Amino acid sequence: MSIRILPPLLVNQIAAGEVVERPASVVKELVENAVDAGATAIDIEIEEGGRELIRVTDDGSGIAADELVLALTAHATSKIARSEDLEGIATMGFRGEALASIASVSRVTLSSRPRGAEAGATLDTEGDQSGTPRPAGMGPGTRVVVRNLFFNTPARRRFLRSPQAEGTRVAETVRALALAHPGIGFRFLVDGRERLSVTASASLRERVRAVLGQDTDAGLLDVEAADGDLRLRGMIGTPDLARATARALHVVLNGRPIVDRVLQHALREGYRGLIEPAQWPLAVVWLEMDPRQVDVNVHPAKSEVRFHDPQRVHALVRRGVRSALGAEDLVPRLDLTRSTAPAGGGRMATGAPYRPAPPMPASRAGGRGPGAGPAPTPRERATGPSGFDYQAARHAMRAAAPSDLAFTTGASAGPDPGRDVAGDAWAAPTAAPSAAIQVHRMFIVTEDAEGLLVIDQHALHERVMFEQLRARILAGTLESQPFLVPEAIEAGAGEMEALESLQPLLRRIGIEAAPVGPRSVAVSAFPSLLVERGVSAAPFMQSLLARAAEAPIGDSEEALFEVLDMMACKAAVKAGDRLTPAEISSLLAQRESVERSSRCPHGRPTTLRLTIRDLERQFGRR
Ligand code: ADP
Ligand code: MG
């Protein structure tokens with residue numbers, strides 16, 4: 001075949017392949033045009049999932065009758081004029097492609113009446129055939145009707161999913177756009193039935209509530225952060241609202257809903273340790289920045305962008321999310337009304353099942369895990385391994401100075417800490433620290449101003465160790481203890497290889513390890529914090545090398561956190577360890593000072609709260 005210039009219809013259809021993927025992309029383009037036209041209210045209607053009909057009506061600036069044909073012509077736009085304009089795009093559209101592309105694969109009727117014009121005009125098109133504009137009676141604004149999408153490109157029409165599935169995509173697009181433009185009213189109708197109706201809202205919270213559902217409202221935290229002209233605002237969900245998919249995560253950049261890996265990563269980083277790694281937070285964030293600092297011209301649908309300084313954006317988002325979460329009391333509430341349901345397990349108030357941490361092997365050298373420690377004392381035998389340790393509790397109560405336990409019960413607000421338990425008079429002085437007891441060598445039970453706290457000793461201590469290690473590494477003050485006699489371990493070929501790439505990370509965490517033969521490694525220094533906690537270097541190094549041989553670890557921040565996780569888990573007290581009163585009170589004191597103490601580093605709760613209100617209700621006092 002000889003080379004030829006393609007006819008315009010074909011060119012547009014090819015372009016449509018990129019811009020117009022399905023009804024949802026048509027809706028997106030039409031709504032963005034309405035936004036660019038300064039609309040204050042936008043109506044969207046679809047029939048048969050948008051396959052048969054899409055109608056978008058706005059009250060924006062309108063198009064003059066003599067420009068209707070031009071609006072439908074490829075590369076015709078009123079939004080940019082020179083190459084320089086591409087450097088700082090402030091409108092949703094700029095490619096001048098959408099209407100022409102849509103018109104090349106459907107039957108379009110474009111009607112418009114500019115503000116201030118006497119009357120409107122309307123124009124029908126089919127393929128590249130367009131008639132001449134006829135006068136039309138209508139209010140100011142523009143209406144675009146798209147019928148029979150892909151009627152002339154059967155291959156693409158076959159590619160469409162069921163009306164139901166396409167309708168769902170359109171609904172998602174409309175929700176994202178409604179979140180992106182809180183100042184604009186939106187109405188969305190599917191086969192004549194109203195699915196969404198929001199008026200221009202005064203506050204972001206109002207819009208988020210209207211679009212994402214009232215039930216999320218209680219768990220929405222405000223986010224606000226800035227770095228020069230880079231501004232972040234938004235609403236993020238408490239960890240309990242986390243989902244299995246990214247569908248409830250909305251990022252809006254300069255009014256444009258975008259999908260961006262850098263920002264998604266930053267958001268999840270902000271939640272690190274508060275949600276499980278496979279989960280996605282619920283979040284709606286608006287980012288504003290100088291349009292010259294971001295390139296939106298990298299994707300035909302403009303849903304992906306390229307930041308000039310992704311690090312800066314990443315840091316801002318992560319910081320904003322972290323500080324919003326840090327300011328909150330994130331202890332999940334034990335819901336008695338639900339926990340009495342079958343299957344025994346307690347449930348959090350949000351309905352997310354609470355899974356206890358898996359049992360940890362009592363590997364701590366000299367640890368007091370079952371079978372590992374000294375024989376039980378007579379007192380231990382008396383209470384049994386699963387008995388309440390009143391003695392310990394009483395000591396914990398006395399040992400802790402008020403300054404250590406910041407969650408002492410307020411004199412007026414809190415419950416009476418001197419309440420008599422099991423006939424043992426606990427004469428707690430007023431404003432004294434709350435009592436704490438260890439239960440089944442697994443949990444610590446204490447109180448705060450709102451009620452009863454049940455703490456998973458391993459999970460909380462793991463978080464404490466994690467934060468201490470992290471803080472010291474970031475401050476460059478993690479002490480490393482050299483060994484007089486290096487500890488040697490055997491390693492496989494893959495592990496020897498992994499050791500080399502692990503070196504930068506090992507240095508950061510205070511581990512010195514070097515090959516001393518083709519199949520053996522000597523560990524000659526280990527973090528003091530772990531040594532103090534009785535963690536043996538050799539088995540730790542063995543499991544780290546095994547992990548690194550499986551998949552490269554690298555020395556990214558993520559890798560560092562993963563290894564800190566491993567260290568924290570090893571160093572933490574285990575389920576089954578009996579804690580001394582001093583250990584209990586120090587753990588409780590650390591709970592108050594450590595960041596994100598409500599969850600262990602894996603995102604599972606460390607603490608559950610049973611409120612006094614709930615207890616009173618259950619006992620029929622209310
Ligand atoms: P782009 O949005 O990239 O400019 P489009 O093909 O989407 O390209 O639209 C072409 C032109 O038609 C726009 O630049 C604008 O001038 C005009 N237009 C399209 N839709 C509307 C609308 N709803 N209201 C006013 N003008 C519109
Ligand atoms: Mg456009």
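This one's a predicted model, so the numbers in the text were calculated from it and none came from an experiment. Order of listing sets the numbers, starting from 1, for every ligand and every atom in it.
Judged by a 6.0 Å distance limit and a 45° cone about the ring axis, R247 is not positioned over the six-membered ring of W280.
Proximity of A37 to ligand 1, defined as any heavy-atom pair under 4.0 Å, is confined to the side chain (atoms from C-beta onward). Of all the heavy atoms of T142, the ones lying under 4.0 Å from any atom of ligand 1 belong exclusively to the side chain. The part of E97 lying near ligand 1 is the backbone, judged by heavy-atom distances below 4.0 Å.
Of the charged side-chain nitrogens involved, at least one lies within less than 4.0 Å of a carboxylate oxygen, so that R22 and E166 count as a salt-bridged pair. Using a cutoff of 4.0 Å between basic side-chain nitrogens and carboxylate oxygens, E118 and R113 are not scored as salt-bridged. The pair D124-R107 does not count as a salt bridge, with every side-chain nitrogen at least 4.0 angstrom from each carboxylate oxygen.
In this structure, the protein non-hydrogen atom closest to atom 20 (N) of ligand 1 is N33 CB, 3.3 Å. For atom 23 (N) of ligand 1, the nearest protein heavy atom (residue, atom name, distance) is D58 OD2, 2.9 Å. The nearest heavy-atom contact from the protein to atom 6 (O) of ligand 1 is L99 N, 2.9 Å. Scanning the protein for heavy atoms near atom 4 (O) of ligand 1, the closest one is T77 OG1, 2.5 Å. K79 NZ, 2.7 Å is the protein heavy atom nearest to atom 2 (O) of ligand 1. Shortest contact from atom 11 (C) of ligand 1 to any protein heavy atom: A76 O, 4.1 Å. The single protein non-hydrogen atom nearest to atom 3 (O) of ligand 1 is G96 N, 2.7 Å, given as residue, atom name and distance. The nearest heavy-atom contact from the protein to atom 27 (C) of ligand 1 is I63 CD1, 3.4 Å.
Between the side chains of T91 and D36, no donor-acceptor pair is found at a separation under 3.5 Å. Looking only at atom types and distance, the side chain of N33 has no donor-acceptor partner in the side chain of K28 under 3.5 Å away. Checking H265 against E558 by side-chain atom types alone, a donor-acceptor pair falls below 3.5 Å. Using modelled atom types, one finds no donor on one side chain facing an acceptor on the other under 3.5 Å when comparing Q293 with D309.
In this structure, R95 counts as a contact residue of ligand 1, since one of its heavy atoms falls inside 4.0 Å of the ligand.
Taking only nitrogen or oxygen atoms, main chain and side chain alike, G93 does not reach within less than 3.5 Å of ligand 1. Of the polar atoms of A98, at least one N or O is found under 3.5 Å from an N or O of ligand 1, judged by distance alone.
For R195 (side chain) and R187 (main-chain N/O), no donor-acceptor pair under 3.5 Å exists by modelled atom type.
Residue contacts to the Mg ion (ligand 2): N33 brings an N, O or S atom closer than 2.8 Å.
Of the listed options A103, S78, S61, G141, S78 places a heavy atom closest to atom 14 (O) of ligand 1.
Within a 6.0 Å radius of CD in Q311, other residues, nucleotides and ligands contribute 12 heavy atoms or fewer.
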